[in-house]
There are 2 protein chains.
Amino acid sequence: MKKTELFDTLRWQILQLDIEPGSALDEVSLCEAHNVSRTPLREVLHRLAGEGFVRIEPNRGASVSSMDITTMRNFFQTAPMIYASIARLAAENANPAKISTLRDIQRDFRLAVEAGHPRDMAISNHKLHETIGDMADSPYLSPSLQRLLIDHTRMSQTFYAARNKDERTRIMTACEQHDDMIDAFEARDPSRAVTLTLDHWALSRDRMDLYVRPDPLPVNPEVRDAV
Amino acid sequence: MKKTELFDTLRWQILQLDIEPGSALDEVSLCEAHNVSRTPLREVLHRLAGEGFVRIEPNRGASVSSMDITTMRNFFQTAPMIYASIARLAAENANPAKISTLRDIQRDFRLAVEAGHPRDMAISNHKLHETIGDMADSPYLSPSLQRLLIDHTRMSQTFYAARNKDERTRIMTACEQHDDMIDAFEARDPSRAVTLTLDHWALSRDRMDLYVRPDPLPVNPEVRDAV
DNA sequence: CGCGATAAAATTGTGTACAATATGTATTTT
DNA sequence: AAAATACATATTGTACACAATTTTATCGCG
C-alpha cells in the first residue's frame with residue numbers, strides 16, 4: 001500500500017472509530033497490517049500528528065487523539081462560529097465545479113440515509129463539510145474546521161446510528177438541510193447560508209449531547225460527580 | 001542535533017524569513033546543515049507540513065508555505081475573529097502560571113523594543129500570542145491561530161523593522177497594548193480583553209498592509225496585472 | 001535553431017539493520 | 001513483604017543502502 005493511501009486509510013479508521021480515541025498505535029502491527037515498512041508509516045503518523053488526528057509522545061509512540069469531556073465543552077463553544085464563517089466564505093466563493101462536487105456527495109449521503117447505513121452517512125457528511133471548507137478557500141480557517149470535523153464525525157456515529165423513528169426523522173431533516181445549504185451556496189447568498197448552517201448545527205448538536213451524556217443518564221452519583 | 005530541536009530550529013527559521021516563503025527545501029543540504037540523517041528530517045518535515053509551515057508535494061519534496069496576495073486577503077478577513085475569540089477564552093481561562101509566563105515574555109519583548117532588535121521583537125511577539133492561545137485552551141481554535149501566527153509573524157518583520165519615528169511610536173503603542181491585554185486577562189475581563197485585542201490588531205494591520213502593497217506602489221501596469 | 005526522444009544525474013521514497021530508550025520481570029536487600 | 005536494583009524484553013529513534021521518480025543534459029532530426 002502506498003503512503004498516501006495509508007494516510008487516508010488511517011484517517012478514515014480514526015474518523016469512523018475503527019481505532020478507538022486514546023488508543024495506542026503500535027508501529028510494527030500497523031506495518032504488518034498495511035504492508036509497509038516503518039519509515040513511511042512513521043512519516044504518515046507525523047503528518048497525522050500535525051493535523052490533530054494523532055498525538056505523538058517522544059519515545060512513547062503515537063496514540064489516537066482522545067475526546068474527553070473538557071475538549072467537548074470547547075467543541076460546542078467553537079463549532080457554530082467556525083461553521084458559520086466557513087459557510088459565509090463558501091457562499092461568497094462558490095463556483096460551479098465545487099457545487100457539482102457537493103451535489104455528488106450529497107447524492108451519496110441521501111443514498112446512505114435511504115439505505116440506512118450509518119457509516120456511509122458519516123463518511124459522506126464528513127466529505128460534504130470538508131468540501132464546503134475547500135470552497136471557502138481559507139487557509140486560516142480550515143485548520144480549525146478540520147480539527148472540528150475530526151471530533152464531529154467521530155461523535156456523529158451516534159447520531160447516524162438511529163434507533164427510533166424520531167431519530168430517523170432528524171436525519172431526514174439534516175439531509176434536506178444539506179440540499180438547502182448547497183442551494184444557498186449556489187445562489188451566492190451568504191446570510192442564508194449562515195442561517196441554514198446554524199440550523200443544521202443546532203440539529204446535530206442536540207443529538208451529540210447524547211454522546212457526551214449518554215441516554216439514559218447513569219444515576220450513580222460518583223459518575224455524575226466525575227462528569 | 002535532536003529531532004525536537006531540529007523542528008524548532010526550522011520552525012523559527014521559517015517564521016523569521018531566514019528561509020524564504022515558497023522556497024524549496026533540499027533534504028540532503030538540510031541534513032548536512034543540522035547534522036541529522038534524512039529519516040528524522042523527513043519526519044520533522046511531515047509534521048511541519050501537517051501544521052502548515054511547509055507544503056509537501058509527493059515525489060517533489062517540501063517547500064516553505066508561500067504568502068501570496070490571495071491568501072493575504074483571507075488573512076485580514078480571518079485574523080480579527082480568531083484573535084478576538086482566543087482573547088475571550090484566554091480571559092475566561094486565565095490562571096496565575098500562564099499570566100506569569102506572559103509577563104516574562106512581555107518583559108523580553110519590551111527589552112527587544114528598547115534595544116531596537118526587530119528579530120527579537122518578532123520572536124517575543126510570536127511567543128506572547130502563542131501563549132495566549134495556550135491559555136485559551138481550545139484545541140479547535142488553536143490550529144487556526146497557529147496558522148495565522150505563521151504568516152503574521154513573517155509579515156511583522158516589516159512592522160518591527162521601524163525606520164522612522166512614527167513607526168517606532170507605533171511599536172511603543174503595541175508594547176503598551178500587550179501590558180493592557182495581560183492585565184485584562186489577569187482580571188478575567190473577557191470583553192475588555194477582546195476590545196484591547198482588536199485595537200492591537202488594528203494597529204499592526206495598518207502596518208502590514210505595507211507588506212502586501214509596498215509603499216510606494218509600482219506604477220508599472222504589467223506588474224499591476226500580474227498581481 | 002527549435003523540438004522531441006533518450007540517457008544521465010539528482011532527488012525523493014522505502015526497506016532493513018542497528019542504536020537508544022522505555023517497559024516489564026526477576027532478584028536482591030532491608 | 002515491600003522497595004530498590006539489575007537484567008531482559010519490547011518499542012521507538014536513526015543511519016544507511018537501494019529503488020523509484022523527477023529533473024537535467026545530451027543527442028538526433030526536421
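Below, read A as the first sequence line, B as the second, and so on, with proteins coming before strands; counting in each chain starts at 1.
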Any pair with a residue in residues 133-154 of chain B that passes ring pair (Phe, Tyr, Trp, His ring centres under 6.0 Å), sequence neighbours left out, goes on the list, sorted by first then second residue, please. A/Phe75-B/Tyr140, B/Phe75-B/His152, B/Tyr83-B/His152, B/His152-B/Trp201
By salt bridge (Lys or Arg N to Asp or Glu O under 4.0 Å), which residues pair with B/Asp104, not counting sequence neighbours? B/Arg107
Set of residues satisfying salt bridge (Lys or Arg N to Asp or Glu O under 4.0 Å) with respect to B/Lys3, sequence neighbours excluded: B/Glu43
Taking only residues two or more places apart in sequence, or in another chain, which ones meet B/Phe53 in a ring pair (Phe, Tyr, Trp, His ring centres under 6.0 Å)? none
With sugar-phosphate taken as primed atoms, P, OP1 and OP2 and all else as base, the protein-contact string of nucleotides 5-15 of chain C at under 4.0 Å (heavy atoms; B, S, -) is ------SBBBB
Counterpart residues, ring pair (Phe, Tyr, Trp, His ring centres under 6.0 Å), relative to B/His34 (two or more places apart): none
